[in-house]
Amino acid sequence: MKTKVLPLLGIVLFLSACSTSSSPEVSRDAALSLLKRFDLEINYTPSRIPPVRYALQEKMSTYVEDDAYTIEDVQIDRELDRENHYCYAKIQGTKEGHPYIHESWTYISIDKNITCHYWNGYENGKWIKERYRLEVKKNEESWENTASEEIKEMNRLYGQMALTFYQYLLDMKGETNGEYHSNDGTSLTFVSEDDSYRYEGEFQNNLYQSGARINKETGMYYQSKVSWNHCDISMPSLDYFPLRTE
């Protein structure tokens with residue numbers, strides 16, 4: 001599944017791990033300093049080993065799949081386990097006014113890279129339901145290359161989100177309402193809005209946990225929530241997917 005990373009466009013996100021009422025309030029300038037510190041900690045002077053697995057849920061107003069199809073009111077669920085060479089992505093939403101689902105699994109089985117696809121959607125006036133798997137020998141194409149888009153997305157969330165939100169807050173034309181809370185120098189939860197945008201974010205242990213952005217003028221939104229080093233990832237049996245040769 002080809003992933004197209006969109007700009008953060010968000011809706012109101014309920015931050016679950018740490019509510020703003022449970023942490024001391026800090027100033028906007030202090031929050032910006034914390035975001036800069038998180039970015040430096042992650043990107044330039046890392047003090048910990050990067051995560052090897054994660055589970056991610058994204059919700060957004062529109063998503064362009066394979067640079068061709070626009071899906072609306074989208075939810076994307078992802079799992080990635082680099083240690084066990086497994087990744088999964090599920091896109092579900094509305095395409096041309098009809099429900100749409102695309103699921104994709106990529107993993108290593110014995111000596112092969114296997115990618116399985118499942119589509120269920122309405123296209124060109126009819127319903128299309130397709131399920132198949134592709135197999136490639138490991139020495140012909142590495143799993144990392146096959147799963148490169150999912151790996152890229154995990155690296156983006158791990159290494160770039162602090163700087164992304166720092167820039168969003170810095171570019172606000174004039175904050176009309178904002179709250180920033182931090183327990184210590186490694187966490188931050190915030191809500192900030194002006195006449196055009198509303199932002200929400202949560203960072204714990206220097207890491208991005210969840211965030212959202214809403215464009216008040218257009219209604220466009222994006223939100224995401226991450227579980228780092230998620231331990232419940234398990235690969236289903238996919239041998240029943242018909243083999244396709246290409």
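Along the sequence shown, the residues carry numbers beginning at 1.
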Smallest heavy-atom separation, D184 atom then L34 atom, equals O-CD2, 4.4 Å
Side chains of E217 and S196 only: does a donor on one sit below 3.5 Å from an acceptor on the other? yes
Under the side chain to side chain contact (heavy atoms under 4.5 Å, CB included) criterion, do T106 and Y86 qualify, and how do the steps go? CA-CA 6 Å; T106 297; Y86 166 73; over 6 Å; no
Does a salt bridge link E79 with R53, judged by any charged N lying under 4.0 Å from a carboxylate O?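 Looking at E79 and R53, the cut-off is not met.
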Is a side-chain donor-acceptor pair under 3.5 Å present for S27 with D29?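 Side chains of D29 and S27: no pair found under 3.5 Å.
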Hey, is R156 close enough to E153 for a salt bridge, meaning N to O under 4.0 Å?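 Salt bridge: yes.
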Quick one: do the E175 and S192 side chains pair a donor with an acceptor below 3.5 Å? yes
Test question: given the 4.5 Å side-chain rule for I, L, V, M, F, W and Y, name all other residues clustered with L243, or answer none.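 Besides L243, the cluster holds no residue at all.
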Testing the 3.5 Å rule here: is there a donor-acceptor pair between the side chains of S224 and Y208? yes
Using the ring of each side chain (for Trp, its six-membered ring), is W119 parallel, tilted or perpendicular to H117, with breaks at 30° and 60°?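 Ring orientation, 0 to 90° scale: parallel.
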Looking only at heavy atoms, which two atoms of E58 and M60 are closest? And how far apart?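 Of all heavy-atom pairs spanning E58 and M60, the closest is CB-CE, 3.9 Å.
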Between W228 and P51, what is the shortest heavy-atom contact and its length? CE3-CG, 3.4 Å
Does a salt bridge link E135 with R133, judged by any charged N lying under 4.0 Å from a carboxylate O? yes
Measure up the Y122 and W127 rings against each other and bin them: parallel (under 30°), tilted (30 to 60°), perpendicular (over 60°).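 The rings of Y122 and W127 stand perpendicular, inter-plane angle above 60°.
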Considering residues at least two apart in sequence or located in another chain, which fulfil the salt bridge (Lys or Arg N to Asp or Glu O under 4.0 Å) criterion with K216?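 Listed in chain order: E193.
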Report whether Y132 and V136 are members of the same hydrophobic cluster (ILVMFWY, side-chain heavy atoms less than 4.5 Å apart, transitive linking).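 Cluster IDs for Y132 and V136 differ.
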Walk me through whether Y88 and E103 qualify under side chain to side chain contact (heavy atoms under 4.5 Å, CB included). CA-CA 7 Å; Y88 165 75; E103 292 182 90; 2.5 Å; yes
Is a salt bridge present between K152 and E150, judged by a nitrogen-to-oxygen distance below 4.0 Å?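 Answer for the salt bridge query: no.
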Aromatic F241 / basic R131 pairing, under 6.0 angstrom, 45° off normal: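 Yes, R131 lies over the aromatic ring of F241.
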Does the side chain of Y107 reach to within under 4.5 Å of the side chain of L238, using non-hydrogen atoms? yes
Nearest non-hydrogen partners of C116 and I114, listed with the distance: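 The answer is SG-CG2, 3.9 Å.
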Say whether D77 and Q57, considering side chains only, have a donor N or O and an acceptor N or O under 3.5 Å apart. yes
Using a 4.5 Å cut-off on heavy atoms from C-beta on, say whether the side chain of I151 contacts that of W143. yes
Which pair of heavy atoms, one from V191 and one from E200, lies closest together, and at what distance?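 Closest pair (atom of V191, atom of E200, distance): CG2-CG, 3.9 Å.
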Side-chain donor-acceptor pair under 3.5 Å between Y180 and R28, yes or no?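 Yes, side-chain donor-acceptor contact under 3.5 Å.
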Stepwise, does the side chain to side chain contact (heavy atoms under 4.5 Å, CB included) test hold for K95 with Y69? CA-CA 8 Å; K95 178 183 175 185; Y69 305 110; 3.3 Å; yes
Give the intermediate values and the outcome of side chain to side chain contact (heavy atoms under 4.5 Å, CB included) for residues R78 and Y54. CA-CA 8 Å; R78 305 179 192 272; Y54 84 144; 3.7 Å; yes
State whether a side-chain donor-acceptor pair under 3.5 Å links S182 with S23. no
Should the ring pair Y168 and F165 be called parallel, tilted or perpendicular, given that the plane angle runs from 0 to 90° and is split at 30 and 60? perpendicular
